[in-house]
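Notes for the one structure printed next.
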Amino acid sequence: MVIKRKEFLQIGSLATASLMLPKFLKAFEKPMMVPQGNKVIVVIQLSGGNDGLNTVIPVTNDIYYKGRPKLGIQKKDALLVTDEVGLNPALTAFKGLYDDGSLGILNSVGYPNPDRSHFRSMDIWHSASASNEYVNTGWVGRYLDAQCKGCDKPTQAIEMDDVLSLALKGEESKALALKDPAKLYNTSNSKYFKDITGSHQAGEETVDYLYKTMSETISSAEYIYNQSKTHPTGQAYPNTGLGKDLKTIASLIFSDINTKVYYVSLGSFDTHVAQEGQQKRLFTELNDAVKAFTDDLKKNGRFDDVLMMTFSEFGRRVAQNASGGTDHGTANNMFLIGGGLKQKGVLNAMPDLSDLNEGDLKHKVDFKNVYATVLNKWLAADDKTILGKKFDYLNFI
Amino acid sequence: MAVSNRLKNQHLLWRAGFGPMAENAAALDTLSQKDLWGLLLKTSSKSPEKINVAQGLVDGLFKGVQDVANMQKQELTNEQKKMIREQSRDDLKNLNLRWFDEMINSEAQLREKMSLFWHGHFACRVINSFFQQELLQTIRENALGNFKDMLVAVSKSPSMLSFLNNQQNRKQKPNENFAREVMELFTMGRGNYTENDVKEAARAFTGWGFNVQGEFVFRKNFHDTGSKTLLGKTGNFDGDAVLDILLEQKQTARYLTKKIYKYFVNENVDEPKADWLATRFYDSGYDIKKLLTDIFTNDWFYNEKNIGTQIKSPIQLLAGIRRLLPMELENEQSQLLMQRTLGQVLFYPPNVAGWPGGKTWIDSSSLMLRLRIPQILTANDVMDIRPKTDDDVQGGMMEAASKKLKAAVKGGTANTDWVLVAKIFEAVPREKLQQKITETVLQTKGRINEAVLEKYLNKESRENFTKSAVVNLMCTPEYQLC
């Protein structure tokens, strides 16, 4: 009853992607618009709302310990970076980076009228919209729109995932999502797909758009796959999801690929219950992967060219709950990592726990200021167009 | 190219429903659009049977999850709360699959399609399965009725009141969220009222809430009885009065009509036509069936530029495949995985503005998956795509346990009734078969190069020929359009 796939679809690998680029698309084939500069950003999304107060710990603050009699991390256990600030004990590599002068800690990052729903708050961070606005494009996506009009391969931004996040969707351009270069190459490299793409005649706009996306995917998949093999990293990475992702990213950074933005996620940090074990497990994965990655970059002389940035859709409440966890909060801290940081260490004041909004931290820095800084100072892009208005730059780069 | 009668009928079926089905696809050459429209109306005339999934704790003792938990915090243990949450999450999966099944198999195609439109218009994301099931029923019952009835019923549903925080909207401490979205998304659209109008409307909605049984209640003590001024009118308005005032605005008819035009006719709105429709919609007192009749019986709806130019939503795409290819899925839950990876899960809209649609459905990964799904379904292919992990441990849409997920990934296969599919084409001579199949599967003007297509056909038997042609045609960019 059931027909086998091979009966109607043979996987072939005869023609190269560029040969197969359909005629109507040749017009799109222009030199790469993003300069072959080496500045790269790696965004690490801590999904689920990471508890910032147990990440960067105010080790001399009584309000913190009063609100968290069980969950509070004692000063003796924290990895002290100053007399008043300690890191979560699982973040040993981050302590090392701090000591190196390649870690920045930005406190109290958030946005006005914070939303405590995961999906809505993540939407706001991805789209860089105000909390009462609904925007269907993401900040990295709009960066692609601005930078790469007419690029033949949408490889300027890559998300390490099977499904593309809103952050990387622009109006015209969208980033590529891939978990593994070989896998994307195998699924897109079908002779049938190449044949129908190759024979497509330009006509109706929407059909052409689909063919363009398809053709770009096929050629990008081959390009990324080949690039990922040119300089495979020799560094040992932990055998975890994030470890594998950062290993792939390192191999691509060492190649000639034009990718400027890499996007990875780790989660879930939604620790309503039994937070300690869960956060420790995730931080260990984060820590070990970042350690291998930064060592790798240093060894290969690329640490100054790469900026890493962590964020989460919100922080958690100051007080612990009755289940050994914490509930959804508001403002949170971000880590900035790289050899090229201009400002290092604890970049601004620790959150003021005596001045809360219904038990939650008040934000002091809008995350859009961070985006504007990265877009303008690191990626040399037009932040005002991308973010819809001018946000002041910070000084960490 | 003249638009054939078959193409016009298929166009109507794709837009006013979920596409032609194997059982009736052969008859579409001769039927007139007027008769087909009459048939669509007739098959959707009955009030829909309720899809009842909320059970156990949720349906019985506690008709809520978050809100009940809040109200009765002291009485529910963490274990109980967790149990209710998990029950509700399972119920929502069932609600999703059962409604999706209606879209595929119900004869009330027009009603279910219109309900899907309203499901996105009145986008609501609450984990409480009882609330969601009630809201869905409200929408399906009113989908072809009067917009006013639906607006009032939806606005008074515990789903929407809880999603948009009106339970917290009180005289002493107004919460504007509900009023804002009612104006911005449900009726007038942004830019047609002032911030002050929103504030005043929010005051009028104070006191609207719901009880533990999930019923609408007007809590007098929380209501602001003072005078309000809204859109130039002043009075001692309550929530009902605000909805009346919003419906009196012709802008509301214009906003809705434009959105419906985009959804059913073309992303690029023909303004004079939309205005004409809006005026008639307004004059009819918001009769939805009349508006749809105005659209689907008009010649311009069947204009070439409106045919085969719309990107199918994931739900449309999946339902459309299953309507033309009757199949038994080994694992019904695999459809949830497809919805997730393609970006449209029923009952989980991205935000209160609903699914944006159009080109936003398409990116490299979603397109490549779309192109492979017909193979995955018909050829026992493995769906090696993982959806994003669920970051929300409490209100998330699916289980985080990777074990269950893996089972769903493997089960993306189905047994297709190819005999029934072959029947569509049984009267077609062999030399016309490829062309006929193309005309049945695709709505686009431009067609796949015939020689290329032929190269990939299995010519061992007529049945294999049909199978390979149908599946190959479904694995094309053209098939993403209707």
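Letters A, B, ... mirror the listed sequences (proteins, then strands); counts begin at 1. Note: hydrogens, waters and symmetry copies are ignored here, and every other heavy atom, side chains too, is used.
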Residue K183(A) versus chain B: region with a heavy atom under 4.5 Å: side chain

Exercise: identify the closest heavy-atom pair between P477(B) and I196(A): CD-CD1, 3.9 Å

Atom group of S165(A) that falls short of 4.5 Å from chain B, counting heavy atoms: both

Non-hydrogen atoms of M214(A) and L371(B) that approach each other most closely: SD-CD1, 3.7 Å

Donor-acceptor side-chain pairing of Y192(A) and Q375(B) below 3.5 angstrom: no

Nearest non-hydrogen partners of L176(A) and S364(B), listed with the distance: CD2-OG, 3.0 Å

Side chains of D195(A) and Y456(B) in contact at under 4.5 Å (non-hydrogen atoms): yes

Criterion side chain to side chain contact (heavy atoms under 4.5 Å, CB included) on L367(B) and T217(A), from CA distance to verdict: CA-CA 9 Å; L367(B) 180 60; T217(A) 307; 5.6 Å; no

E478(B) and Y211(A): CA distance, side-chain angles, deciding distance, side-chain hydrogen bond (donor to acceptor under 3.5 Å, both in side chains) verdict: CA-CA 9 Å; E478(B) 281 82 351; Y211(A) 269 103; 2.8 Å; yes

Member of L184(A), L164(A), T187(A) meeting the side-chain contact (heavy atoms from CB on, under 4.5 Å) criterion with S365(B): L164(A)

Evaluation steps, side chain to side chain contact (heavy atoms under 4.5 Å, CB included), between E204(A) and T444(B): CA-CA 9 Å; E204(A) 201 275 319; T444(B) 48; over 6 Å; no

OG on S173(A) to CG on D363(B), rounded to 0.5 Å: 12.5 Å

Beyond-backbone contact of L210(A) with I362(B), side-chain heavy atoms, under 4.5 angstrom: yes

Interface moiety of E205(A) toward chain B, non-hydrogen atoms closer than 4.5 Å: side chain

Non-hydrogen atoms of N136(A) and P356(B) that approach each other most closely: ND2-CB, 3.2 Å

Heavy-atom pair with the smallest gap, counting every atom of C475(B) and F193(A): O-CE2, 3.8 Å

Partner residues of F178(B) under the ring pair (Phe, Tyr, Trp, His ring centres under 6.0 Å) criterion, sequence neighbours left out: F205(B)

Closest heavy-atom pair and its distance - K359(B), K174(A): O-NZ, 2.8 Å

Closest-packed option against chain B by number of heavy-atom pairs under 4.5 Å, given A177(A), A221(A), G203(A): A177(A)

Short N-O contact, K173(B) and E358(A), less than 4.0 angstrom: yes

Interchain contact, L481(B) with chain A, by part (heavy-atom threshold 4.5 Å): side chain

Top contributor to chain A interface from G358(B), S366(B), P350(B) [non-hydrogen pairs under 4.5 Å]: P350(B)

Salt-bridge criterion met for E133(A) and R190(B) (N-O under 4.0 Å): no

Interatomic distance, N132(A) atom CG to E184(B) atom CD [nearest 0.5 angstrom]: 7.5 Å

